[in-house]
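What follows is a short report on a single structure.
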Protein chains: 6
Amino acid sequence: MPYVNIKITREGATKEQKAELIEGATRLLADVLGKNPQTTVVVIEEVDTDNWGIGGESVTVLRQQNG
Amino acid sequence: MPYVNIKITREGATKEQKAELIEGATRLLADVLGKNPQTTVVVIEEVDTDNWGIGGESVTVLRQQNG
Amino acid sequence: MPYVNIKITREGATKEQKAELIEGATRLLADVLGKNPQTTVVVIEEVDTDNWGIGGESVTVLRQQNG
Amino acid sequence: MPYVNIKITREGATKEQKAELIEGATRLLADVLGKNPQTTVVVIEEVDTDNWGIGGESVTVLRQQNG
Amino acid sequence: MPYVNIKITREGATKEQKAELIEGATRLLADVLGKNPQTTVVVIEEVDTDNWGIGGESVTVLRQQNG
Amino acid sequence: MPYVNIKITREGATKEQKAELIEGATRLLADVLGKNPQTTVVVIEEVDTDNWGIGGESVTVLRQQNG
């Protein structure tokens, strides 16, 4: 019954990609620790690039610098 | 001063239902552990059904299968 | 399939009290939102009083001031 | 490589204020613990006032009472 | 720069298994969303079975019933 | 009434350093957003280096490589 929380920036992940994350994370816990997939919960949270920082700068600013 | 985080799928919980969750969780901590309600914080997070998985499938897909 | 995370200071909550929190939180989600208790997950995290702050002070210090 | 999660009510924090939170939290970890700013991650989550409770009441209601 | 938080019950996961979870979750985000592995953070939290509930019961009790 | 969660690796942060993190994070929210320090909650979580990964490797391994 693991709980996996995946936080990513909101930059257009599709419904299909999210389904792959859910399936992949569930399989990972089953493969590595033998956890029952039926009770593994995966929650994906998408965060605006203004609200995500690394290295002291928002991702919004980092994307502009790399643009 | 407990902190309670409730994550649910975004499927139309009303303002009144959220108020009941806040009140009920606060009372639970007071009843069971004697925690001061004044400093109990409750945060409800609603997650799109595409972003919530159980059993390796998104809730969006599960709802369709059960529809 | 809600997920409830309860954070409290580590100050001697018993196994019985934790069981009451799990049962009460699960019932709350069933009563208010009709959520299936079988897939409601509750995770309790106990945090050292040195590691919990409110009002800019650790709970360790606050407990001493109120002692 | 610390991870800092800041949850606030969604009440109009600007892009500039969020940038200050990111920069300030990153600096705090560097100043106090010598953590490398390059790998410090800060995630800000804004929560509707209906979904945030303290003292058993939602912030929506508290704001009206204090209005 | 995703952040992945994996919560599992504390039931003897080894250092090697945790390394596999870290590597697998990082690869999953790279494969599905093209995320740079260098800035993907994975945090595993192990929770006592008394502190984890599903179906309104602690995992401690569930393990005894299934024992 | 912000909630700040700081996750760091468990590598000997002292009680005094934790108090500085609590005070600094509380002041940051007051300075930037005018939040009332009395209801700002800060929770510090220390995570074993085996349980923290970046770049697909645990911090335990990274520390050895850099040793």
Side-chain angles (χ1 to χ4, degrees), chain A, chain E:
Chain A
M1 70 214 69
Y3 170 79
V4 181
N5 182 231
I6 299 174
K7 286 190 208 280
I8 53 175
T9 44
R10 192 190 311 279
E11 299 179 278
T14 65
K15 180 188 282 224
E16 288 72 27
Q17 288 172 322
K18 293 176 195 175
E20 283 183 67
L21 290 178
I22 289 168
E23 202 237 320
T26 304
R27 193 155 16 99
L28 180 66
L29 272 292
D31 287 352
V32 176
L33 293 176
K35 297 292 185 184
N36 179 359
Q38 288 316 310
T39 53
T40 294
V41 173
V42 180
V43 172
I44 301 166
E45 291 178 285
E46 296 172 273
V47 176
D48 287 346
T49 56
D50 285 349
N51 290 21
W52 192 298
I54 185 164
E57 301 248 43
S58 76
V59 174
T60 305
V61 169
L62 292 172
R63 293 280 186 259
Q64 288 163 351
Q65 290 172 350
N66 295 329
Chain E
M1 71 215 69
Y3 170 79
V4 181
N5 182 229
I6 299 173
K7 287 190 208 280
I8 52 175
T9 44
R10 193 190 310 280
E11 299 180 277
T14 65
K15 180 187 282 223
E16 288 71 29
Q17 288 172 322
K18 293 175 195 173
E20 283 183 66
L21 290 178
I22 289 168
E23 202 237 321
T26 304
R27 193 156 14 100
L28 180 67
L29 273 292
D31 287 353
V32 175
L33 293 176
K35 296 293 185 183
N36 179 0
Q38 289 315 310
T39 54
T40 294
V41 173
V42 181
V43 172
I44 301 166
E45 292 177 284
E46 296 171 274
V47 175
D48 287 347
T49 56
D50 285 349
N51 292 20
W52 192 298
I54 184 163
E57 301 248 44
S58 76
V59 174
T60 305
V61 168
L62 293 171
R63 294 281 185 257
Q64 287 164 351
Q65 289 171 349
N66 295 329

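Values reported hereafter were calculated over all heavy atoms of this structure, with side chains retained and with hydrogens, waters and symmetry mates removed.
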Contacts of A:Glu20 meeting side chain to side chain donor-acceptor pair (under 3.5 Å) (sequence neighbours excluded), chain-then-number -> none
Applying a criterion of heavy atom separation less than 4.5 Å, what residues of [range] form contacts with chain E?
range	answer
residues 33-48 of chain A	A:Leu33, A:Lys35, A:Thr39
residues 49-61 of chain A	A:Trp52, A:Ile54, A:Val59
residues 1-8 of chain A	A:Met1, A:Pro2, A:Tyr3, A:Val4, A:Asn5, A:Ile6, A:Lys7, A:Ile8

Problem set entry | Side-chain donor/acceptor of E:Gln65 to backbone N/O of E:Leu62, under 3.5 Å |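 Not confirmed, E:Gln65 side chain does not pair with E:Leu62 backbone.
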One should read off an interatomic distance between E:Ile22 CD1 and E:Arg27 CZ, to the nearest 0.5 angstrom, of 13.0 Å
